Amino acid sequence: MTDRKVYYFDNNATTRVAPEVVEAMLPFLRDQWGNPSSAYRFGHQVAKHVAAARERVAALLHADPREIVFTSCGTESNNAAIHSALLTQPGKRHVITSAVEHSANIKYGRFLKEQGFDVTFSPVDADGLIDIHRVEKAIRPDTAIVSIMWANNETGIVFPIEELAAICRSKGVLFHTDAVQAPGKVSLDARGTGVDMLSLSAHKLNAPKGIGCLFIKKQTRFHPHIMGGHQEHGRRGGTENVPYIVGFGVAAEMALNRIHHENTCVRALRDRLETQIFKLIPQVVRNGAKEPRLPNTSNLSFLSVEAEAILTQLDKIGVCASSGSACTTGSLEPSHVLTAMGIAAPRARSSVRFSLGAGTTAAEVGFLVEELPSIIERLRGTSAQPAVVAGKPRSKDHNRPTPRSAAA
Ligand SMILES: *Cc1c(COP(=O)(O)O)cnc(C)c1O
């Protein structure tokens, strides 16, 4: 395939590595490849850059650098937080999380259940909002940790983290938040909000995949998930991924400076995209509340059309978007997030998530808004041109209007 234009509307799945980040990383791939734990200067010099990156990531979170532990990804950070809470409090065998978490928490929660722990998946309402009183009521004397995401990756719904942290503090329960979707979009004050632990993933903020961090509030007891060397003050074994940590640091600084842009320019583009789609295409509904929501995310159901069919057509014209989360794409299961919101399977399966980024342009939104109406019309079989019928050359199985309605 030739280099054609990519219209990227999937920034909640991953983001482009910023050129500044690539540049900052290159010296540590080419020349400064020493081990930061080594005693000689060739290694020790590298350690200084790891320390500088740690300061930058800490600044993004209004945290102390000593509160930052670098990990391999957001998934590891989430797993490590819950794992530590259970290991440091052996008498406590109950975990609370939400029904709309990333699969990192959902799968780990299911695993813990199989291991004999008790896990509560706290529900959300039809708008995707969490009921903090239900979370509070679910807390028991044997609750080891409450882990609730800062913002949902599918709907963009922002959760009341400060209130949740306050509830947990008053009950003496650890509180962790998966803040992977928050940097650059909302202001993140780990200390001010009173969370005990917080997860980030660099590839959601214009740095490479495979690097993340866990904020661990000072004086929080912690048991490592990955055990080995004394790296990260004994909180995460394994030689530091120096180039990626350096890149993460640069990206963290950029994210801190981008919040205003995201909440003005990106938000305006997202709102224009939604307004135009609602105006030009009938039978479209938003999944989740309008607010409080991340400024870049729009989750819409194009009723009576399969999302997979829409995505296939969009892919043909270079538009990247997703249905549900990337992790559930490819399976016919409707998104667990939309299901938890009480959205019936046919509507959930017609949901497409558009997630904009700092680099999204008005022209790109214009292109999408121009192309989408005819795609939906064609898939619904309501256009003047020949409908897409099974058996015709262009059609694949999933291009039929409502192929799986029987399964609903
Ligand atoms: C992407 C994502 C993760 C997983 O992060 P990885 O670094 O890919 O493991 C966790 N939580 C949320 C909300 C995410 O969007």
Side-chain angles (χ1 to χ4, degrees), residues 8-17 21 57 60-61 68-83 97-111 121-122 124 128 130 147-159 161 164 176-186 188 190 195 197-215 225-226 236 238 241 244-245 247-248 251-252 255 262 288 292-299 320-329 335-338 340 353-357:
Y8 192 72
F9 289 93
D10 206 13
N11 287 276
N12 288 10
T14 198
T15 57
R16 176 196 197 129
V17 182
V21 171
V57 173
L60 173 66
L61 297 174
I68 303 299
V69 171
F70 288 115
T71 64
S72 69
C73 60
T75 300
E76 182 194 324
S77 299
N78 282 5
N79 285 188
I82 297 174
H83 174 262
T97 185
S98 85
V100 296
E101 296 297 309
H102 186 269
S103 53
N105 263 24
I106 299 287
K107 291 270 176 72
Y108 198 59
R110 286 191 199 143
F111 164 76
F121 294 95
S122 208
V124 296
I130 199 146
S147 174
I148 303 217
M149 66 202 326
W150 196 302
N152 186 270
N153 45 306
E154 292 191 30
T155 58
I157 296 298
V158 178
F159 291 121
I161 293 308
L164 288 163
H176 164 258
T177 185
D178 171 350
V180 169
Q181 288 296 339
K185 302 169 193 167
V186 299
L188 277 173
V195 304
M197 289 186 271
L198 178 151
S199 302
L200 290 185
S201 174
H203 78 95
K204 306 288 173 83
L205 52 105
N206 305 98
K209 296 148 193 68
I211 185 79
C213 80
L214 181 64
F215 158 88
H225 186 51
I226 306 285
R236 205 270 187 187
N241 189 347
Y244 281 48
I245 288 171
F248 187 8
E262 286 266 354
R293 188 165 55 135
L294 294 175
N296 77 318
T297 308
S298 177
N299 189 316
C320 309
S322 71
S323 64
S325 70
C327 314
T328 47
T329 298
S335 141
H336 72 277
V337 173
L338 301 188
R353 177 188 68 187
F354 300 102
S355 47
L356 285 63

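Since the structure is predicted, the reported quantities are computational estimates derived from the model, not experimental observations. Every number for a ligand or one of its atoms is a count from 1 in the order of the listing.
When the side-chain contact (heavy atoms from CB on, under 4.5 Å) test is applied to Ala81, the partners found at least two apart in sequence or on another chain are His176, Met197, Leu214.
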Go ahead and list the nitrogen or oxygen contacts between ligand 1 and the protein that come in under 3.5 Å, distances to 0.1 Å, or just say none.
from     : atom 1 : to     : atom 2 : distance (Å)
ligand 1 : 7 (O)  : Gly74  : N      : 2.9
ligand 1 : 7 (O)  : Ser201 : OG     : 2.6
ligand 1 : 8 (O)  : His203 : NE2    : 2.9
ligand 1 : 9 (O)  : Gly74  : N      : 3.4
ligand 1 : 9 (O)  : Thr75  : N      : 2.9
ligand 1 : 9 (O)  : Thr75  : OG1    : 2.6
ligand 1 : 11 (N) : Asp178 : OD1    : 3.4
ligand 1 : 11 (N) : Asp178 : OD2    : 2.6
ligand 1 : 15 (O) : Gln181 : NE2    : 2.7
ligand 1 : 15 (O) : Lys204 : NZ     : 2.7

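With contacts defined as side-chain heavy-atom distances shorter than 4.5 Å, the pair Val180/His102 does not qualify. At least one side-chain heavy atom of Ile82 sits less than 4.5 Å from a side-chain heavy atom of Asn105.
With no hydrogens or angles considered, a side-chain donor-acceptor pair links Asn296 and Asn12 at under 3.5 Å. Remark: the Ser335 side chain and the Glu154 side chain contain an N/O donor-acceptor pair separated by less than 3.5 Å.
Annotation: Phe354, atom CZ; neighbour count of heavy atoms from other residues, nucleotides and ligands within 6.0 Å is above 12.
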